[in-house]
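A quick write-up on the structure given underneath.
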Protein chains: 2
Amino acid sequence: MSATLEEVARVAGVSITTASRVLTQNTHPVRAATRQRVLKAAAKLQYKPNLLARGMRTERTHTIGIIADDLLSPFTPPIIRGIQDYLKEIDYLGLIVNSDWDPDIEREAISTLLSRAVEGIIFVESGRLAPTQELVKSQKPYMFVHRLFGAPVQNSVVPDDYGGTRLVLEHLLALGHRRIGHIAGPQGWHSAQRRTDSYLDTLSQHGLEIDPALIVESDWEFEGGAVAMQQLLQVSPRPTAVFAANDMMALGAIETLRSTGLRVPEDIALTGYDNREISRSLAPRLTTVSLPTYQMGVTAAKLLWQKIQGTAHDVDEVQICGRLYIRESCGALPAQRTHDELDVATTVRHRLTGQQPEKR
Amino acid sequence: MSATLEEVARVAGVSITTASRVLTQNTHPVRAATRQRVLKAAAKLQYKPNLLARGMRTERTHTIGIIADDLLSPFTPPIIRGIQDYLKEIDYLGLIVNSDWDPDIEREAISTLLSRAVEGIIFVESGRLAPTQELVKSQKPYMFVHRLFGAPVQNSVVPDDYGGTRLVLEHLLALGHRRIGHIAGPQGWHSAQRRTDSYLDTLSQHGLEIDPALIVESDWEFEGGAVAMQQLLQVSPRPTAVFAANDMMALGAIETLRSTGLRVPEDIALTGYDNREISRSLAPRLTTVSLPTYQMGVTAAKLLWQKIQGTAHDVDEVQICGRLYIRESCGALPAQRTHDELDVATTVRHRLTGQQPEKR
DNA sequence: GTGAAAGCGCTAACAG
DNA sequence: CTGTTAGCGCTTTCAC
């Protein structure tokens with residue numbers, strides 16, 4: 001390992017205590033000259049405090065636990081990144097454990113983290129609605145981010161699906177659409193339900209009558225969206241726009257329209273939700289609302305930090321609204337960038353091992 | 001915190017030493033009856049060892065560091081998941097830090113991790129080719145996974161791009177294609193270069209002449225693939241199949257073909273690389289080769305573990321080959337599932353708050 | 001077989 | 001202002 005405090009103290013010709021006082025943000029007074037000697041010694045020896053030892057003494061390990069139910073979900077990594085970025089500012093690190101929607105594994109994970117004296121735990125996309133016995137007993141603070149099911153619970157940070165949906169629907173309404181279909185997510189999911197609720201309320205508030213035939217529940221997936229769209233096409237009069245509750249279903253819907261010979265957005269306008277990365281590439285590029293995953297992660301970390309410091313206690317559910325991304329699929333932007341534009345945007349050249357290709 | 005060894009010992013009526021001996025995989029002999037008493041006391045108090053204290057004594061923290069240059073890359077999460085799953089088996093945990101392609105941040109990250117007495121470090125998608133001074137000095141083992149640039153280096157686990165490319169090309173050859181275009185990745189990237197090398201070698205080995213005009217370098221992106229395909233379409237005679245060096249460019253190429261009125265795979269067969277999640281959804285579903293990210297993570301963790309234990313030292317670069325996924329875009333499968341099939345595959349039903357919709 | 005004691009590296013009283 | 005001392009919870013000699 002690297003140099004210890006003792007060595008630094010010896011080199012600086014002071015006691016361990018003094019060295020410690022200089023090398024921490026301790027308020028205890030130390031003479032300037034002494035301070036300098038210690039600092040110099042530390043620099044010379046490349047002293048790095050052993051955080052384990054410090055943590056043992058102070059009960060502050062500068063570590064929190066992150067329990068992810070599905071690390072491979074498209075939303076989990078940006079949430080974690082948000083958490084990490086906030087942690088970095090306060091000089092903390094996160095220990096990440098997977099729980100795979102299994103209560104036993106999760107219990108085990110909590111236990112493992114507690115054993116490592118984390119100062120708090122953040123659950124990412126947890127199916128759980130309440131902390132385990134052990135966690136409660138430990139008195140450690142915790143937060144849920146992007147809780148997928150159930151009613152509002154304290155200490156959780158979730159997307160404002162209701163508000164986000166209103167953003168995209170009012171955009172469609174502003175474009176003149178009056179007959180708007182809805183491919184809903186599975187209603188067992190919190191987000192799906194909120195988005196559908198908002199669809200119903202927003203249309204009603206704008207004086208439109210709800211046509212049950214224009215609402216089709218699907219399963220979040222591409223193929224589900226494709227099938228749902230087929231169903232919507234059989235309704236008459238046909239909707240002029242469709243709000244899909246997520247991007248994958250919107251893409252599936254586009255596929256159905258395409259194979260039916262209908263154009264997006266000219267024949268039917270389409271919008272999604274989530275702002276998945278692929279949505280801004282595929283043609284037509286999708287108008288959608290972002291899921292503010294990164295910001296949710298930051299917020300959860302910040303709230304956990306306040307709880308660790310004792311400046312906050314149980315907090316009510318926090319909702320964070322995404323942004324509306326207006327692209328081509330709703331008709332508000334030119335239908336498609338031209339290939340000329342693409343040519344400018346991208347550099348393409350030939351290659352064949354070593355030799356420069358001929359000009360064409 | 002939870003119960004300490006001392007309390008367990010007191011309850012069991014033995015010394016701390018004895019309790020410790022029972023509760024670790026210590027070989028020291030303990031009478032069966034005593035052992036039972038300790039075990040019972042531990043269970044009763046729900047004893048969980050303080051891993052910090054143990055780590056301080058043993059210099060084994062059961063923790064490794066993971067430095068990710070880009071957590072939001074599509075490949076990083078599955079690599080990390082592979083690492084974590086292996087770590088779980090050996091009862092280790094990973095401390096994840098981001099470095100964002102910045103050498104200073106990376107140096108800092110290494111320092112932070114060392115300060116926490118990690119037993120080794122895995123670099124994920126690192127741009128770096130060698131460990132820092134400090135890391136070398138620390139004597140801690142390390143591994144690189146999915147190193148993106150440069151020649152083979154020791155202690156790294158990378159995909160076998162050469163072999164993977166051969167898989168997909170031989171598939172196209174077996175389907176009878178003789179004029180195969182190639183949308184290459186940016187040749188500064190290791191993977192791109194290897195895939196192009198393999199393209200050249202495989203075609204040559206099968207007695208085909210390389211036509212430089214059929215090789216277009218692009219930028220890994222959707223739009224780049226679209227532009228590259230336009231370029232390939234101007235070559236005459238036209239290729240009957242195109243191997244894109246990644247899925248995104250393949251999707252872009254499909255878009256170009258579609259807007260040109262050409263069908264995939266009837267008019268031109270297309271294949272990608274990486275097996276991105278979206279490739280198995282969009283129509284036509286993409287034939288591609290997987291990047292064995294998960295397995296790479298597992299392998300890196302396993303090798304690191306061997307180095308930690310001292311049963312292995314510096315190891316030569318390990319290459320792991322992906323799998324060929326045959327789908328519709330190359331023409332080897334029926335062009336598209338029918339909508340009837342889709343109907344069966346997915347449950348779709350109406351919903352309107354509370355009320356069951358009418359049968360249609 | 002069992003236990004007393006030392007100590008990992010650090011911080012926090014408490015004296016001076 | 002500085003230093004001495006105790007001890008966080010655990011493992012590990014070394015005696016018995």
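All heavy atoms count here, side chains included; hydrogens, waters and symmetry mates do not.
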**OP:** Salt-bridge test for E119(B) and K140(B): reply yes if a basic N is under 4.0 Å from a carboxylate O, no otherwise.
**Re:** no
**OP:** State plainly whether the residues R147(A) and E125(A) are in salt-bridge range, i.e. N to O under 4.0 Å.
**Re:** no
Does [X] [atom1] have over 12 foreign heavy atoms under 6.0 Å away?
{"X": "Q306(B)", "atom1": "CD", "result": "yes"}
{"X": "K302(B)", "atom1": "NZ", "result": "no"}
{"X": "Q46(B)", "atom1": "CD", "result": "no"}

d([atom1], [X]; [atom2], [N]) in whole Å:
{"X": "E6(B)", "N": "dC8(D)", "atom1": "CD", "atom2": "P", "answer": "8 Å"}
{"X": "E59(A)", "N": "dG9(C)", "atom1": "CD", "atom2": "P", "answer": "20 Å"}
{"X": "L51(B)", "N": "dC10(D)", "atom1": "CG", "atom2": "P", "answer": "10 Å"}
{"X": "L52(B)", "N": "dT11(C)", "atom1": "CG", "atom2": "C1'", "answer": "15 Å"}
{"X": "N26(A)", "N": "dA12(C)", "atom1": "CG", "atom2": "C1'", "answer": "9 Å"}
{"X": "L5(A)", "N": "dC8(D)", "atom1": "CG", "atom2": "P", "answer": "19 Å"}
{"X": "L114(A)", "N": "dG9(D)", "atom1": "CG", "atom2": "P", "answer": "15 Å"}
{"X": "L23(A)", "N": "dG9(C)", "atom1": "CG", "atom2": "P", "answer": "16 Å"}

**OP:** Within residues 8-16 of chain A, find the residues that approach DNA chain C with a heavy atom at under 4.0 Å, and present them sorted by residue number.
**Re:** I16(A)
**OP:** Begin with the C-alpha distance, continue with both residues' side-chain angles, and end with the deciding distance and a verdict on salt bridge (charged side-chain N to carboxylate O under 4.0 Å, His left out) for D70(B) and R81(A).
**Re:** CA-CA 10 Å; D70(B) 182 8; R81(A) 183 61 208 249; 5.6 Å; no
Original post:
Is any side-chain nitrogen or oxygen of S20(A) closer than 4.0 Å to OP1 or OP2 of dC10(C)?
Top reply: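 Looking at the OP1 and OP2 atoms of dC10(C), neither is under 4.0 Å from any side-chain N or O of S20(A).
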Of all the choices, [options], which nucleotide is nearest to the side chain of [X] once you look at every atom?
{"X": "R54(B)", "options": "dG9(C), dT11(D), dT11(C)", "value": "dT11(D)"}
{"X": "P29(B)", "options": "dT11(D), dC1(D), dG1(C)", "value": "dG1(C)"}
{"X": "M56(A)", "options": "dC10(D), dT11(D), dC8(D)", "value": "dC8(D)"}

**OP:** Please check if the distance between the ring centroids of H190(A) and F149(A) is under 6.0 Å.
**Re:**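 So the answer is no for these two rings.
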**OP:** Test R116(B) against T63(A) for side chain to side chain donor-acceptor pair (under 3.5 Å), laying out the working first.
**Re:** CA-CA 10 Å; R116(B) 285 163 184 267; T63(A) 309; 2.7 Å; yes
Original post:
If you take atom types as modelled and just measure distance, does the side chain of T17(A) reach the base of dA12(C) with a donor-acceptor pair under 3.5 Å?
Top reply: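 Such a pair is found, so the answer is yes.
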Test item: side-chain donor near acceptor, [X] and [Y], under 3.5 Å:
{"X": "R54(B)", "Y": "T24(B)", "result": "no"}
{"X": "S20(B)", "Y": "T17(B)", "result": "no"}
{"X": "K88(A)", "Y": "N98(B)", "result": "no"}

**OP:** Go through the steps to decide whether I79(B) and Y294(B) satisfy the test side-chain contact (heavy atoms from CB on, under 4.5 Å), and finish with yes or no.
**Re:** CA-CA 5 Å; I79(B) 290 175; Y294(B) 181 85; over 6 Å; no
Are any protein N/O atoms closer than 3.5 Å to N/O atoms in nucleotides 14-16 of chain C? If there are, list each pair with its distance.
none

Subject >> Whichever of R57(B) and V30(B) has its nearest DNA chain C nucleotide further upstream toward 5' >> reply: V30(B)
Subject >> Close approaches to DNA chain D from residues 31-47 of chain A, in residue order (heavy atom, under 4.0 Å) >> reply: R31(A), T34(A)
